[in-house]
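Heads up, the thing below is written out as structure tokens.
It should be emphasised that the depicted structure is a prediction, and the values quoted were computed from it without experimental measurement. Residue numbers begin at 1 in each chain, while the letters A, B, ... track the order of the sequences.
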Protein chains: 2
Amino acid sequence: MYELLNQKIREKISLTDDEFQICKQAFVPKTLHKHQYLLQQDDVARYLAFVNEGALRMFASGEKNGEIVIQFAFPGWWITDNFSFLTGEPTVYNIQALENTSVLLIGKQAWEDLFDKVPKLERYFRILLQNNYIATQRRLVSSLCQTAEEKYLSLIKAQPDIIQRVPQHMIASYLGITPETLSRIRKQASYTR
Amino acid sequence: MYELLNQKIREKISLTDDEFQICKQAFVPKTLHKHQYLLQQDDVARYLAFVNEGALRMFASGEKNGEIVIQFAFPGWWITDNFSFLTGEPTVYNIQALENTSVLLIGKQAWEDLFDKVPKLERYFRILLQNNYIATQRRLVSSLCQTAEEKYLSLIKAQPDIIQRVPQHMIASYLGITPETLSRIRKQASYTR
DNA sequence: TGCATTTCTTATTCTATATCAATGCGCGGC
DNA sequence: GCCGCGCATTGATATAGAATAAGAAATGCA
């Protein structure tokens, strides 16, 4: 249950077994069935979630543009709406399970208390956020200056596994293109291959 | 010289005067004249920079698409290519002064040593990165689902000062649109006002 | 096993924005 | 004080990708 969490933290920082025990206690396990929501628009993001098994998507349900997928989360990843989680303001996003999913939740207060109990974790989360920041900045650059096809090819390169795991129209939405365009790109790309 | 740094850190965490003295010593001041580069493509980002005065831009010099502006930095902001700074890989970006500018530089080693000397700073940088992550994610969403005009209006709302301070074609590049399109948007927006 | 729902593909039309080209103008340098 | 050049504006044309509309596959579920 907590094995993946243990492993992921220890990839970035070293932790005694006692320290990890304290961590563990701050989390509450939760399972979500396919399509179930972990967070809905206008609610407050009370938890930061660590994904154990399954897959989730965070999306914005835009007025006109239908839904746009902001990020996916797979086992070993963290997900929440950071803004809402930090400020306590209602979120504008939704987080939904794409499969039956198991997560570990930690509330804001428990999260902050945990930093006092295990100060090393500040470093862990700093590193995590730094990586997320880098990845998001890359996606931004890709979105600003690549064509639809280039975006798709970059994604395949960076995350080949995603393609298998989530439906094509969500990939399209994640790339900021329509499902039709993605379909055409795939067709064309398969000829040139 | 170090006043703004002091103030900015103390906005997020509390620090004794001794602790701040230790911080100070890790930084090296540097001035850049207008157009001078702080970082150039293919070099390694050896420093994290805190902006004291002036303004900078980070941009990618794309093959076909000319230059695209990734971010600006004004007094009180931090700037570097995080990926290169963290990994030691050569950067694909450039950082250039838009005006005569004064910065405080800290090298990677000094930065990491500083966390051991003043552990509270882990928290400061965690918070900083969290905010950057949130801001970049917002920009990504804006870039994925807003029209050129909406992007421009959002920017005016979020950072009215930017418009005065940097040339219009750089704003266009930052928004991912052409200078011509921005010019037309501005013209039209001024009528409807 | 068969129907319903979701997902993917294909074709056609339409639109926002890019691209190309020309003109104007303000500012810094000499 | 004039010149030159980068920057902004404006107009004409081109184009990538959106919107719309169907139909074909695939998947799940009763």
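Distances shown here put a side-chain N or O of A:Lys187 below 4.0 Å from the OP1 or OP2 atom of C:dT10.
Remark: C1' of D:dC5 and NE2 of B:His35 are 13 Å apart, rounded to the nearest angstrom. Atom OH in A:Tyr152 sits roughly 12 Å away from atom C1' in C:dC8 (whole-Å rounding). Nucleotide D:dA8 holds its C1' atom 17 Å from the CD atom of B:Gln188, rounded to whole Å. Rounded to whole Å, the distance from CD on A:Glu150 to C1' on D:dA16 is 12 Å. As rounded to whole Å, 13 Å separates atom P of C:dT6 from atom CD of A:Glu67. Going from atom NZ of A:Lys34 over to atom C1' of C:dT7 covers 11 Å, rounded to whole Å. D:dC7 atom C1' lies 16 Å from atom CD1 of B:Ile163, rounded to whole Å.
Scored by the ring pair (Phe, Tyr, Trp, His ring centres under 6.0 Å) test, A:Tyr152 finds no partners at all (sequence neighbours excluded). For B:Asp42, there are no salt bridge (Lys or Arg N to Asp or Glu O under 4.0 Å) partners, not counting sequence neighbours.
Remark: B:Glu112 does not engage B:Lys117 in a salt bridge, criterion side-chain N to carboxylate O under 4.0 Å. A salt bridge does not link B:Lys24 to B:Asp18: none of the charged nitrogens lies less than 4.0 Å from a carboxylate oxygen. A salt bridge is absent between A:Glu99 and A:Lys34: the closest approach of a Lys/Arg side-chain nitrogen to an acidic carboxylate oxygen does not fall below 4.0 angstrom. Of the charged side-chain nitrogens involved, at least one lies within less than 4.0 Å of a carboxylate oxygen, so that A:Arg123 and B:Asp116 count as a salt-bridged pair.
Geometrically, A:Arg139 engages A:Tyr174 in a cation-pi contact defined by less than 6.0 Å to the ring centre and at most 45° from the axis. Both tests do not hold together for B:Arg126 against A:Tyr124: distance to the six-membered ring centre under 6.0 Å, angle to the ring axis within 45°. For the pair A:Arg57 and A:Trp77, the cation-pi criterion (under 6.0 Å, within 45° of the ring axis) is not fulfilled.
A pairwise comparison of heavy atoms in A:Tyr47 and A:Phe85 identifies C-CE1, 3.6 Å as the closest pair.
Going from atom CD of B:Gln25 over to atom CZ of B:Phe20 covers 10.5 Å, rounded to the nearest 0.5 Å.
Bending across the helix from C:dT1-D:dA30 to C:dC30-D:dG1, expressed as the angle between its end axes from five pairs apiece, amounts to 50° (10° rounding).
Residues from residues 166-174 of chain A that place a heavy atom under 4.0 Å from any atom of DNA chain D: there are none.
Proximity of a side-chain donor or acceptor of A:Asn52 to a complementary backbone N or O of A:Met1 within less than 3.5 Å is detected.
A:Ile134 and A:Ile127 fall into different hydrophobic clusters, defined by Ile, Leu, Val, Met, Phe, Trp and Tyr side-chain heavy atoms under 4.5 Å apart, directly or through other members.
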Protein proximity profile, nucleotides 12-21 of chain C - base contact B, sugar-phosphate-only contact S, no contact -, cut-off 4.0 Å on heavy atoms: B----SSBBB
Scan nucleotides 25-30 of chain C against the protein and return all N/O pairs shorter than 3.5 Å with their distances rounded to 0.1 Å.
none

